[in-house]
Participant: 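Dropping the structure in here first, questions after.
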Protein chains: 2
Amino acid sequence: MLAAVLQIRAGTLQVLLWQRAQEPDSGRWALPGGRLGDDEDVEASVRRQLAEKVDVRDVTHVEQIAVFSAPHRVPDVRLVATAFLGLVPSDADPAVPPDTAWHPVARLPDTAFDHAEIIRDARDRLRAKLSYTNLGFALAPRVFTISALRELYVAALGHGVSATNLQRILTRRKLLVPTGGTALPGPSGGRPAAEFRFTDRALKVTDAFAVLRPPPGPGAAGCGVGDSPGGGTPIPVP
Amino acid sequence: MLAAVLQIRAGTLQVLLWQRAQEPDSGRWALPGGRLGDDEDVEASVRRQLAEKVDVRDVTHVEQIAVFSAPHRVPDVRLVATAFLGLVPSDADPAVPPDTAWHPVARLPDTAFDHAEIIRDARDRLRAKLSYTNLGFALAPRVFTISALRELYVAALGHGVSATNLQRILTRRKLLVPTGGTALPGPSGGRPAAEFRFTDRALKVTDAFAVLRPPPGPGAAGCGVGDSPGGGTPIPVP
DNA sequence: TCTGTTTTCGCCTGTTGGTCGAAAACAGGT
DNA sequence: ACCTGTTTTCGACCAACAGGCGAAAACAGA
C-alpha cells in the first residue's frame with residue numbers, strides 16, 4: 001500500500017514524501033504507506049494511512065495505479081505494494097508531520113526503492129485523465145477563475161494550455177458551470193474574471209471520448225453483464 | 001493472482017473458466033490463478049499460472065486490471081487478488097484441461113466469489129482500449145480481412161461497427177497495413193477481400209486521443225521525470 | 001480621459017468520426 | 001457471353017470538435 005499524493009503548489013506539481021530514518025534506504029525519501037489491515041480493503045487502507053500524514057478531508061480523489069511486485073524491489077524482504085494516486089486541491093495546505101515534505105515531481109530528491117517509478121506512473125495517470133475526465137475538480141478549489149484553472153492544468157500537464165480552449169472544452173462537456181460571481185481584479189487592473197465550479201466533484205469519464213461508438217439510440221438501456229453501455233444497437237441481427 | 005482470459009469464439013466474447021471441485025463455492029466457475037512465487041513479479045506469475053491452462057504462446061496480451069481486496073471476498077481466508085486481463089486471438093484454439101471451458105461473457109454460469117465483477121471490469125477495459133489503442137491486434141489473427149476484423153469488434157464492443165469507419169480510423173492512425181494479398185471469396189461469391197495486418201503486435205496508445213495536447217514542436221524531447229512527453233512547449237516562461 | 005492590463009467572446013480553420021451510396025470484383029445460372 | 005446476386009472497396013458529404021487569433025469588454029491607475 002503506497003500513495004503518491006499530488007498537489008499543485010506554487011505553480012508546480014508536487015508529491016508528498018517522507019524521509020526514511022531507518023535502513024534500508026535510510027535518509028532517502030519514500031512514499032507514505034503501510035500494511036493492509038484485516039477489516040479493510042486496499043482503498044480504505046490507503047485512506048487510513050494517509051490520515052496519519054495529511055487531513056483526509058483534503059484528499060479529493062484516490063485511485064489505484066498498479067501493483068509493484070519485482071522480487072527485490074525492497075532489499076531483504078519480499079514486499080508487494082499496491083500503488084495509489086491521491087490528489088489534493090491547490091487551496092488546501094494540510095499540516096504534515098516533521099519528517100514529511102512536498103517535493104516537485106520534476107525534481108525529485110533521492111528516492112527510496114522503486115518509488116520514483118511509481119511517482120512517474122501516478123503523474124502520467126493524472127495527465128491522461130485530465131484529458132478525458134473531469135479529474136481537474138480534484139486539483140482545483142471549489143470555485144476558481146479560468147486563468148487559475150489554466151495554471152493548474154499547465155503545472156499538471158507540463159506544457160502550455162490555451163485558456164480559451166480549456167474553457168470551451170470543459171463547458172461543452174458540461175463539466176464546468178459559472179457561479180455567477182466574479183473575482184476581484186489583480187493589483188494591475190484588468191477585467192474581473194468570472195468564477196466557475198465543476199458540476200460534479202466525483203470522477204466522471206467523458207462519454208464521447210470513445211471512438212467507434214454506437215449510434216445514439218433513444219435511451220432505454222438494460223444493464224446486464226453483456227449489455228452495451230450507451231444504448232445503441234445491441235447488435236445487428238444476422 | 002487471477003486472470004480473465006478473453007477470446008472471441010463463434011462471434012461471441014468468451015472467458016476461460018474453471019469449475020471448482022472443492023469448497024468453498026464448489027461447483028461454481030472461477031477464474032484461473034494462483035499464488036505469487038518468490039522469484040517472479042505478478043505478471044510473470046500470471047503467465048506461469050496460465051501455462052497450466054492454455055498454451056502461453058496463444059496469449060497475445062496481458063495487463064493488470066486492479067486489486068480486489070474486500071475483506072470477505074473469499075470466505076474464511078483473507079485473500080487479496082491482483083486481477084489481470086489476458087487476450088487470445090480468435091484463430092487460436094488452445095487445448096484446455098477437462099475442468100475448464102469457455103463461457104460467453106454475456107451469459108455467465110454461476111461464478112465463484114467476486115469473479116463476475118472481475119470479468120465485467122476486464123471486459124470494460126478491453127472495450128475502452130479498443131477505442132484508443134491498437135489492442136485489436138490481440139484479438140485478431142496475424143492477417144485478416146476488414147469484415148473479419150469488424151466482426152471481432154462487434155463481438156467485443158457489443159454493438160454494431162461500420163466496416164468503412166473501422167478501416168479508416170485504423171489506417172489513419174497507421175495501425176493497419178494491407179499485406180497485398182486477398183482472401184478467397186465466400187461460397188456465394190462477392191468481391192475478394194483485401195488482407196490486412198496490424199503494424200505492431202505490442203500495445204501502442206494513439207497519441208492524438210489526448211485533448212489539450214501541446215503544440216506540435218519540432219521534436220527534440222528530453223526524458224527526465226518532469227518532461228512533457230510529446231515535445232511541445234515545455235512551459236511558457238512568465 | 002487616456003493608457004495598460006486582463007478577461008471574454010466570436011470567427012475561422014483543419015481534422016476527425018460517422019453515414020451513405022456508387023462502383024468494383026467475384027460466383028453461379030441462363 | 002450476359003445477367004443477377006453478393007460482398008467488398010472507395011469516394012463524397014456532413015456534423016462535431018479542437019485549436020488559434022484578434023477584437024471587444026471591463027477594470028486600475030495616471
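What you see below is based on every heavy atom in this structure, not just the backbone, and it leaves out hydrogens, waters and symmetry mates. Below, chains carry the letters A, B, ... as their sequence lines are ordered, and counting in each starts from 1. None of these values were measured; they are calculated from a predicted model.
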Participant: Once you build an axis from the first five pairs and another from the last five of the helix from C/dT1-D/dA30 to C/dT30-D/dA1, how far apart in angle are they, to 10 degrees?
Facilitator: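 About 20°, once rounded to a multiple of 10°.
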Participant: Do you know which two heavy atoms are closest between A/V67 and B/Q64, and how far apart they sit?
Facilitator: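 For A/V67 and B/Q64, the tightest heavy-atom pair comes out as N-OE1, 2.8 Å.
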Participant: Taking A/V105's backbone N and O only, do any of them form a donor-acceptor pair with A/Q14's side chain (distance below 3.5 Å, no angle check)?
Facilitator: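 No, A/Q14 side chain to A/V105 backbone: no donor-acceptor pair under 3.5 Å.
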Participant: Hey, could you give me the CG/NZ distance between B/N134 and B/K174, rounded to the nearest 0.5 Å?
Facilitator: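 Rounded to the nearest 0.5 Å, the CG-NZ separation comes to 14.5 Å.
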Participant: Specify the separation, in whole Å, of atom CZ of B/R191 and atom P of C/dA24.
Facilitator: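 Rounded to the whole Å, the gap is 9 Å.
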Participant: Which residue is it: A/T199, A/I146, A/L166, A/I169? I am looking for the one with a side chain to side chain contact (heavy atoms under 4.5 Å, CB included) to A/L176.
Facilitator: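 By the side chain to side chain contact (heavy atoms under 4.5 Å, CB included) criterion, A/L176 pairs with just one of A/T199, A/I146, A/L166, A/I169: A/I146.
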Participant: Which part of the nucleic acid does A/A194 contact within heavy-atom distance under 4.0 Å: base, sugar-phosphate only, or nothing?
Facilitator: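 It contacts sugar-phosphate atoms only.
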Participant: Closest approach of A/P94 and A/D55, non-hydrogen atoms and distance?
Facilitator: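 Looks like CB-N, 4.0 Å.
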Participant: Does the gap between the ring centers of A/F144 and A/F198 come in under 6.0 Å?
Facilitator: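 Here the rings of A/F198 and A/F144 have centres that are less than 6.0 Å from each other.
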Participant: Figure out the CG/C1' separation between A/L149 and C/dT7, and round it to whole Å.
Facilitator: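 Going from A/L149 (CG) to C/dT7 (C1'), I get 15 Å.
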Participant: Expressed as a whole number of angstroms, how long is the span from B/L157:CG to C/dG18:P?
Facilitator: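 It works out to 11 Å between those atoms.
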Participant: Is any side-chain nitrogen or oxygen of A/T145 closer than 4.0 Å to OP1 or OP2 of C/dT7?
Facilitator: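 No, because none of the side-chain N or O atoms of A/T145 sits under 4.0 Å from OP1 or OP2 of C/dT7.
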Participant: Can you find a side chain N or O atom of B/S188 that sits less than 4.0 Å from OP1 or OP2 on C/dA27?
Facilitator: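 So the side chain of B/S188 is outside the cut-off, no N or O lying under 4.0 Å from OP1 or OP2 of C/dA27.
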Participant: Do any of residues 164-172 of chain B sit with a heavy atom less than 4.0 Å from DNA chain C, and if so which?
Facilitator: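 Here the set is B/T164, B/N165, B/R168, B/I169, B/R172.
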Participant: Given atom CG of A/L212 and atom C1' of C/dT16, what is their separation to the nearest angstrom?
Facilitator: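 Rounding to the nearest Å, CG of A/L212 and C1' of C/dT16 are 12 Å apart.
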Participant: In whole Å, what is the span from the CG atom of A/L176 to the C1' atom of C/dT8?
Facilitator: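 So the CG-C1' distance, A/L176 to C/dT8, works out to 14 Å.
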Participant: What is the distance from CZ of B/F144 to C1' of D/dT7, rounded to the nearest Å?
Facilitator: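 Those two atoms, CZ and C1', are 18 Å apart.
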Participant: Could you check whether any side-chain N or O of B/S69 sits under 3.5 Å from a backbone N or O of A/V42, counting only pairs where one atom can act as donor and the other as acceptor?
Facilitator: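 Judged by distance alone, yes, a pair lies under 3.5 Å.
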Participant: Check A/H61 against A/A138 and note the closest heavy-atom contact, atom names and distance.
Facilitator: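 Taking A/H61 first and A/A138 second, the nearest heavy atoms are CB-CB, 3.8 Å.
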Participant: Does A/G190 or B/I146 map to a spot on DNA chain D nearer the 5' end, using the closest nucleotide for each?
Facilitator: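 Comparing both residues, the 5'-ward one is B/I146.
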Participant: I need the OH-P distance between A/Y153 and D/dA18, as an integer number of Å.
Facilitator: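 Result: 13 Å.
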Participant: Output the rounded distance in Å from NE2 (B/H159) to P (C/dG17).
Facilitator: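 In whole Å, C/dG17 P and B/H159 NE2 are 14 Å from each other.
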Participant: Specify the closest pair of heavy atoms between A/P192 and A/P185, including all atoms of both residues, with the distance to one decimal.
Facilitator: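 Heavy atoms only, the tightest pair is CB-CG, 4.0 Å.
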Participant: Measuring from the side chain of A/P185 (C-beta onward, heavy atoms only), which nucleotide among D/dC27, C/dC26, C/dG17 has the closest atom?
Facilitator: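 Of D/dC27, C/dC26, C/dG17, D/dC27 is nearest to the side chain of A/P185.
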Participant: Would you mind telling me which of D/dT8, C/dG17, C/dT7 lies closest to the side-chain atoms of A/A193?
Facilitator: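 For A/A193, the side-chain atoms sit closest to C/dT7.
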Participant: A/R150 side chain N/O closer than 4.0 Å to the phosphate oxygens (OP1, OP2) of C/dT8?
Facilitator: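 So the side-chain polar atoms of A/R150 never come under 4.0 Å of the phosphate oxygens OP1 or OP2 of C/dT8.
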Participant: Drop me the distance from A/R150's CZ to A/Q167's CD, to the nearest 0.5 angstrom.
Facilitator: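 Here the interatomic distance stands at 13.0 Å.
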Participant: Check the phosphate of D/dG19 against A/S162, side-chain N and O only, distance under 4.0 Å to OP1 or OP2. Yes or no?
Facilitator: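 No.
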